[in-house]
Amino acid sequence: MLRRTLLRASALVAATLVVPLVLVGCSSSEQDREDARNAQFRHWAATVQRVVEDRPNGQGAAGSLGSAGAVTLTPDAGHWDVLAVCNGIDHMYFRVSDGDASHVHSRTDVACGATARIPLDLATAQDVRFRGHPYDEDAKAVSDDTAFLFWYFAIVPRGWEPPTAAG
């Protein structure tokens, strides 16, 4: 009887020590993965910013890590291009509309890894909503956590091209 009690006590102590370690291991692993993903996004976004933003003349930019997103900015009146890029999935849908989404200025599909140029003509400064989302098959992969998505856009003067490095 004493031996059975000691075995049960040993099993209880072992379970008390092992289960939290396993749970902490899972949490740590998930946190490590999330930290790595965020670090990848920060690196990717910083690289994209250097390439697609015209900081002295542009009208703003935004990006996100995740399945979909929208942001509203207020560019000045003028003829602009919206440069849209994504990474991590096959393709994504981008839409540029009035701030309340009542009028769509333009929309396009973007092959991730390429840059799309979306024209934006504004008679006056106004709120403009930029929305991006993956298509169903990619959205499922993102929500299942089997793929991750980075997307970014920048508003630049019409026809602007990033400077090329001297060779």
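Below 30°, between 30° and 60°, or above 60°: for Y152 and W44 the angle between ring planes is above 60°, a perpendicular geometry. Aromatic ring orientation, F94 versus W151: perpendicular (interplanar angle above 60°, classes split at 30° and 60°).
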Please assess H133 against R95 for the test side-chain contact (heavy atoms from CB on, under 4.5 Å), listing each intermediate value before the final yes or no. CA-CA 9 Å; H133 68 84; R95 183 178 68 205; over 6 Å; no
Take D35 and N38 through the side chain to side chain donor-acceptor pair (under 3.5 Å) test and state the conclusion after the steps. CA-CA 5 Å; D35 290 347; N38 287 330; 4.9 Å; no
Run the side-chain contact (heavy atoms from CB on, under 4.5 Å) test on L73 and F153 for me, step by step, so that the C-alpha distance in whole Å, both residues' side-chain angles and the decisive distance to 0.1 Å come before the verdict. CA-CA 11 Å; L73 295 174; F153 73 88; 4.0 Å; yes
For side-chain contact (heavy atoms from CB on, under 4.5 Å), just list the numbers for E161 and R117, CA-CA rounded to whole Å, side-chain angles, deciding distance to a tenth of an Å, and then say yes or no. CA-CA 11 Å; E161 293 288 335; R117 186 177 295 270; 3.0 Å; yes
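Rounding to the nearest 0.5 Å places CZ of R107 at 12.0 Å from CZ of R131. To the nearest 0.5 Å, atoms OG1 (T74) and CG (D127) are separated by 3.5 Å. To the nearest 0.5 Å, atom NE2 of residue H105 and atom CD of residue Q126 are 4.5 Å apart.
Between H91 and A111, the shortest heavy-atom contact is CB-CA, 4.2 Å. When all heavy atoms of R129 and G99 are compared, the closest pair comes out as CD-O, 3.9 Å. Shown here for V52 and L83, the closest heavy-atom pair between the two residues is O-CD1, 3.5 Å. Across all their heavy atoms, P157 and D54 have their closest contact at CD-OD2, 3.4 Å. Across every non-hydrogen atom of F130 and L120, the tightest pair is CZ-CD2, 4.3 Å. Across every non-hydrogen atom of I89 and P134, the tightest pair is CD1-CB, 3.5 Å.
Judged by distance alone, with hydrogens and angles left aside, the side-chain atoms of D81 form a donor-acceptor pair with the main-chain N or O of G159 at under 3.5 Å. The backbone N or O of D76 lies less than 3.5 Å from a partner atom in the side chain of Q59, making a donor-acceptor pair.
Cluster note: V104 groups with no other residue, as no ILVMFWY side-chain heavy atom lies under 4.5 Å from it.
When the side chains of ILVMFWY residues are joined at heavy-atom separations under 4.5 Å, either directly or via intervening members, Y93 and V128 end up in two distinct hydrophobic clusters.
Shown here are the side chain to side chain donor-acceptor pair (under 3.5 Å) partners of T72, two or more places apart in sequence or in another chain: there are none.
Here the side chains of R33 and Q31 are not in contact, with every heavy-atom distance at 4.5 Å or above.
Look at R158 and D121 and you find a salt bridge, because one of the NZ, NE, NH1 or NH2 atoms lies within 4.0 Å of a carboxylate O, short of that distance.
Between M92 and the choices D138, D109, L149, the side-chain contact (heavy atoms from CB on, under 4.5 Å) rule is met once, by L149.
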